[in-house]
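Read through the structure below, which is laid out as structure tokens, and then see the notes.
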Amino acid sequence: MTAPTPTPTTAPAATRLPGRPLTLRAETARQLRRRRTLWTFGLLLALPLIIVGAFALGDGDGGGGDDRFVDLATSGAANFAVFTTAVSASFLLLVVAALFVGDSLPSEASWSTLRYLLVAPVPRSRLLATKLVIGLVSTALAVVVLIGWSLLVGLVFYGADAFTGLDGSTLGWGTFAGRIALIAAYLVVILLPVGAIAFCLGVRTDAPLAAVGGAVLVTIVSAILDQIENLGSLRNALPLHDASAWFGLLRQDVVWDDLVDGTLWSLVYAVGFTALGFVLFARKDVLS
């Protein structure tokens with residue numbers, strides 16, 4: 001009598017598709033479902049409304065006359081968007097970049113899913129590249145959402161007047177639209193070193209807070225050193241030394257020197273720390 005042919009069992013996805021990499025689509029869906037992503041974008045959407053409320057509750061007497069940009073923040077949507085961007089870029093966006101880029105890999109390790117992903121198998125380089133790309137795209141999206149939403153909120157509450165600078169000069173909406181797009185692009189570039197440092201720290205730790213906090217701490221130390229004039233031209237090489245150079249895009253005649261320097265140094269740090277992160281992770285024992 002012939003023995004019945006055994007029915008093949010359904011193998012795990014990793015067995016059926018050996019070597020299949022973690023896709024960008026799958027990683028995007030996973031990141032969008034995470035609470036820290038939802039809370040971060042919720043905060044970015046709430047911030048312009050909070051600022052509007054703060055201006056509404058204030059008595060309007062800042063004590064600084066018209067020599068401060070905050071005094072022009074309510075003069076129109078353009079000024080409001082620039083003001084919101086300015087107060088966010090100095091710290092909030094730094095934390096967002098460190099969180100999105102530096103948190104994803106340590107989180108996998110803390111959830112004990114990192115070993116599963118690598119045994120699946122997902123090549124290490126593909127895993128890191130996917131995490132990095134989604135983190136950087138999330139950071140860029142955060143910048144765009146903040147600026148775009150600030151413009152919309154400013155339009156509703158303060159009208160559509162043209163941008164007015166501290167010197168009384170104005171930029172029409174046609175010019176300002178191009179300038180604000182360049183500002184968004186420059187901010188994304190400036191945030192690259194922060195993300196790269198967090199990424200590099202993230203491959204060496206299983207604690208998300210260590211990666212995110214470490215990157216933020218590095219930027220704080222860099223900002224402190226940048227205030228020491230005795231360092232002279234050495235300060236030009238510090239991360240975020242030219243982080244405020246985007247204000248030059250709001251002038252009638254743009255001065256590109258600081259913008260170019262800031263872009264080049266940001267790319268140097270970003271490439272260097274990213275490459276170091278790949279090297280360190282390739283040598284890390286995460287399967288034991």
Side-chain angles (χ1 to χ4, degrees), residues 32 34-100 137-191 194 216 240 243-254 259 262:
L32 289 177
R34 293 190 58 185
R35 288 186 178 181
R36 63 102 154 123
T37 304
L38 299 177
W39 278 104
T40 298
F41 278 99
L43 175 60
L44 293 176
L45 293 176
L47 180 62
L49 298 174
I50 294 173
I51 294 176
V52 168
F55 282 131
L57 291 174
D59 58 9
D61 183 13
D66 291 331
D67 58 347
R68 302 180 310 164
F69 188 72
V70 65
D71 298 307
L72 300 174
T74 59
S75 62
N79 282 71
F80 180 76
V82 172
F83 173 78
T84 303
T85 302
V87 297
S88 304
S90 59
F91 186 74
L92 177 59
L93 290 180
L94 301 181
V95 176
V96 169
L99 180 65
F100 280 145
V137 170
S138 300
T139 301
L141 181 61
V143 174
V144 173
V145 167
L146 176 65
I147 294 177
W149 178 242
S150 298
L151 282 170
L152 181 59
V153 171
L155 183 64
V156 171
F157 287 95
Y158 303 122
D161 291 345
F163 174 80
T164 302
L166 292 177
D167 58 357
S169 62
T170 61
L171 295 177
W173 275 102
T175 302
F176 180 77
R179 300 287 180 86
I180 199 68
L182 288 175
I183 288 173
Y186 183 73
L187 285 176
V188 172
V189 172
I190 283 296
L191 293 173
V194 181
V216 174
L240 306 179
S244 299
W246 60 270
F247 282 104
L249 290 168
L250 299 173
R251 301 174 181 174
Q252 291 288 349
D253 298 320
V254 179
L259 293 167

*Would you check, one step at a time, whether the test side-chain contact (heavy atoms from CB on, under 4.5 Å) holds for Leu44 with Leu92?*
CA-CA 9 Å; Leu44 293 176; Leu92 177 59; 3.9 Å; yes
*So do the side chains of Val194 and Leu240 get within less than 4.5 Å of each other, counting heavy atoms only?*
yes
*Are there more than 12 heavy atoms of other residues, nucleotides or ligands under 6.0 Å from atom CZ of Phe91?*
no
*Where do Ala245 and Leu259 come nearest, in terms of heavy atoms and distance?*
O-CD2, 3.4 Å
With a cut-off of 3.5 Å and sequence neighbours excluded, list every side-chain donor-acceptor pair involving residues 176-188.
residue : atom : partner : partner atom : Å
Arg179  : NH1  : Leu249  : O            : 2.7
Arg179  : NH1  : Arg251  : O            : 2.6
Arg179  : NH2  : Gln252  : O            : 3.3
Tyr186  : OH   : Asp242  : O            : 2.7

*Measure the shortest side-chain to side-chain distance between Trp173 and Asp161 over non-hydrogen atoms and say whether it is less than 4.5 angstrom.*
no
*Check: Val87 and Ile51 side chains under 4.5 Å, non-hydrogen atoms*: yes
*Rounded distance (nearest 0.5 Å) linking atom CG of Leu72 with atom CG of Asn79*: 5.5 Å
*Between CG on residue Leu47 and OG1 on residue Thr85, distance to nearest 0.5 Å*: 9.5 Å
*asked:* Working to the nearest 0.5 angstrom, can you tell me the gap between Leu99 CG and Ser138 OG?
replied: 9.5 Å
*Which heavy atom of Leu191 sits nearest a heavy atom of Thr139, and at what distance?*
CD1-CG2, 3.8 Å
*When rounded to the nearest 0.5 angstrom, what distance separates CD1 in Ile147 from CG in Leu152?*
14.0 Å
_Can you tell me how far apart CG (Leu151) and CZ (Phe80) are? Round to the nearest 0.5 Å._
9.5 Å
*Taking every non-hydrogen atom, the tightest pair across Thr84 and Ser88*: O-OG, 2.7 Å
_CH2 on Trp149 to CZ on Phe41, rounded to 0.5 Å_ = 14.0 Å
*Flag side-chain contact, heavy atom, 4.5 Å: Val82 against Phe163*: yes
_Any heavy-atom pair between the side chains of Phe83 and Thr74 that's under 4.5 Å?_
no
*Taking every non-hydrogen atom, the tightest pair across Pro48 and Ser150*: CG-OG, 3.5 Å
_Tell me every residue that passes side chain to side chain donor-acceptor pair (under 3.5 Å) with Ser169, counting only those two or more places apart in sequence or in another chain._
Asp167
*Shortest non-hydrogen separation from Ala142 to Phe100 and the atoms involved*: CB-CE1, 4.2 Å
